[in-house]
Amino acid sequence: VQLQASGGGLVQAGGSLRLSCATSGGTFGDYDMGWFRQAPGKEREFVAAISWGNGRVYTDSVRGRFTISRDNARRTVYLQMNSLKPEDTAAYFCAARTRRTVVVITLLRNRSEYDYWGQGTQVTVSS
């Protein structure tokens, strides 16, 4: 599976961006999808994930501001980011995890759960 993230850019605090992650190869509906981010000098951290069955989980700092969604027909996962803050500045990465028989949604917070990664797309929020 190949993943291609896009949609990053420079935005003022309070603004919005929508990230997209287009996939190819495999059967998109068989994958749980996640978004992670990495700021300079920091570890890559979980942002949001959506299971193959549309279960969603968010990190606390983005809940209520970010929305993850998927379009199986377009083989794409989205991250709508509203009310952006300077601390949201990071490179954002999408990732895919092969479907499990039973989904424990909280496991999708873990980087080690994912089988495939895309390249990052930079989001910069100015104050």
Side-chain angles (χ1 to χ4, degrees):
V1 176
Q2 291 78 47
L3 297 87
Q4 180 77 37
S6 61
L10 174 64
V11 64
Q12 288 189 332
S16 298
L17 283 173
R18 188 176 80 155
L19 305 184
S20 300
C21 177
T23 70
S24 60
T27 302
F28 183 70
D30 284 346
Y31 294 97
D32 305 313
M33 302 297 297
W35 285 99
F36 290 75
R37 65 187 179 187
Q38 187 168 17
K42 295 189 176 181
E43 290 193 356
R44 192 169 298 186
E45 65 174 5
F46 171 75
V47 177
I50 186 168
S51 70
W52 60 266
N54 281 319
R56 294 169 173 83
V57 61
Y58 298 91
T59 193
D60 288 346
S61 63
V62 309
R63 188 176 294 111
R65 300 189 297 123
F66 292 9
T67 302
I68 190 170
S69 61
R70 64 190 297 157
D71 184 333
N72 287 354
R74 288 184 166 83
R75 303 177 57 91
T76 300
V77 62
Y78 303 98
L79 186 68
Q80 177 67 43
M81 305 186 296
N82 299 330
S83 302
L84 281 161
K85 304 176 181 180
E87 51 263 43
D88 295 319
T89 295
Y92 283 70
F93 298 85
C94 59
R97 186 185 83 151
T98 306
R99 172 176 172 169
R100 309 291 196 267
T101 304
V102 176
V103 176
V104 179
I105 195 74
T106 53
L107 288 180
L108 297 182
R109 298 175 180 269
N110 300 332
R111 287 181 295 173
S112 61
E113 288 288 319
Y114 292 84
D115 304 303
Y116 307 97
W117 290 84
Q119 91 296 346
T121 185
Q122 181 67 36
V123 172
T124 303
V125 184
S126 63
S127 57

Student: Among side-chain atoms of Asp32 and Ser51, is any donor-acceptor pair under 3.5 angstrom?
Tutor: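 There is no such pair between these side chains.
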
Student: Are any side-chain N or O atoms of Arg56 and backbone N or O atoms of Asn54, one a donor and one an acceptor, separated by less than 3.5 Å?
Tutor: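 Yes; at least one donor-acceptor contact below 3.5 Å.
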
Student: I'd like to check the side-chain contact (heavy atoms from CB on, under 4.5 Å) partners of Ala49; sequence neighbours left out, ordered by chain and number.
Tutor: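 For Ala49 the side-chain contact (heavy atoms from CB on, under 4.5 Å) partners, ignoring immediate neighbours, are Phe46, Val57, Leu108, Tyr114.
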
Student: Hey, does the Lys NZ or Arg CZ of Arg18 hover above the aromatic six-ring of Tyr78, less than 6.0 Å from the centre and inside 45° of the axis?
Tutor: yes

Student: Please determine which of Thr121, Thr89, Val123, Val62 meets the side-chain contact (heavy atoms from CB on, under 4.5 Å) test together with Arg37.
Tutor: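 Going through the options one by one, the only one that passes is Val62.
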
Student: Under the side chain to side chain donor-acceptor pair (under 3.5 Å) test, which residues partner Glu87, sequence neighbours left out?
Tutor: none

Student: Taking Ile50 as the starting point, is it possible to reach Tyr116 by hopping between hydrophobic residues whose side chains are less than 4.5 Å apart?
Tutor: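 In one cluster with Tyr116: Ile50, yes.
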
Student: Taking CZ in Arg74 as the centre, count heavy atoms belonging to other residues, nucleotides or ligands within less than 6.0 Å. Is the count above 12?
Tutor: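 No.
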
Student: Using 0.5 Å steps for rounding, measure from the CZ atom of Phe28 to the CZ atom of Arg99.
Tutor: 13.0 Å

Student: So, Ser20 side chain and Ser6 main chain: donor-acceptor pair closer than 3.5 Å or not?
Tutor: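 No: the side chain of Ser20 does not pair with the backbone of Ser6.
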
Student: Under a 4.5 Å side-chain heavy-atom rule over Ile, Leu, Val, Met, Phe, Trp and Tyr, are Met33 and Trp35 clustered together?
Tutor: yes

Student: Quick one: pull up CZ in Phe36 and CG in Asn110 and give me the separation to the nearest 0.5 Å.
Tutor: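 Answer for the CZ-CG pair, Phe36 versus Asn110, is 7.5 Å.
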
Student: If we only count heavy atoms from C-beta on, is the Tyr58 to Val47 side-chain gap below 4.5 Å?
Tutor: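 Heavy-atom side-chain distance check fails, nothing below 4.5 Å.
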
Student: Could you tell me whether a side-chain N or O of Gln119 sits under 3.5 Å from a main-chain N or O of Ala5, the two making a donor and an acceptor?
Tutor: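 Side chain of Gln119 to backbone of Ala5: a pair is present.
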
Student: Which residues pass the side-chain contact (heavy atoms from CB on, under 4.5 Å) test with Gln38, sequence neighbours left out?
Tutor: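 Per chain and number, Gln38 pairs via side-chain contact (heavy atoms from CB on, under 4.5 Å) with Arg44, Phe93.
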
Student: Are any of the side-chain heavy atoms of Arg65 and Asp88 separated by less than 4.5 Å?
Tutor: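 Of all side-chain heavy-atom pairs linking Asp88 with Arg65, at least one is under 4.5 Å.
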
Student: Determine yes or no for a side-chain-to-main-chain donor-acceptor pair under 3.5 angstrom, with Arg97 supplying the side chain and Gly34 the backbone.
Tutor: no

Student: If you look at every heavy atom in Asp115 and Arg100, which pair is closest and at what distance?
Tutor: OD2-NH1, 4.2 Å

Student: Quick check: is Ile68 connected to Met81 through a chain of hydrophobic side chains (ILVMFWY, heavy atoms under 4.5 Å apart)?
Tutor: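 In one cluster: yes.
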
Student: Applying a strict under-4.5 Å side-chain criterion to I, L, V, M, F, W and Y, I'd like to know whether Val77 and Phe66 cluster together.
Tutor: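 Yes, because Val77 and Phe66 connect within a single hydrophobic cluster, where side-chain heavy atoms sit under 4.5 Å apart.
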
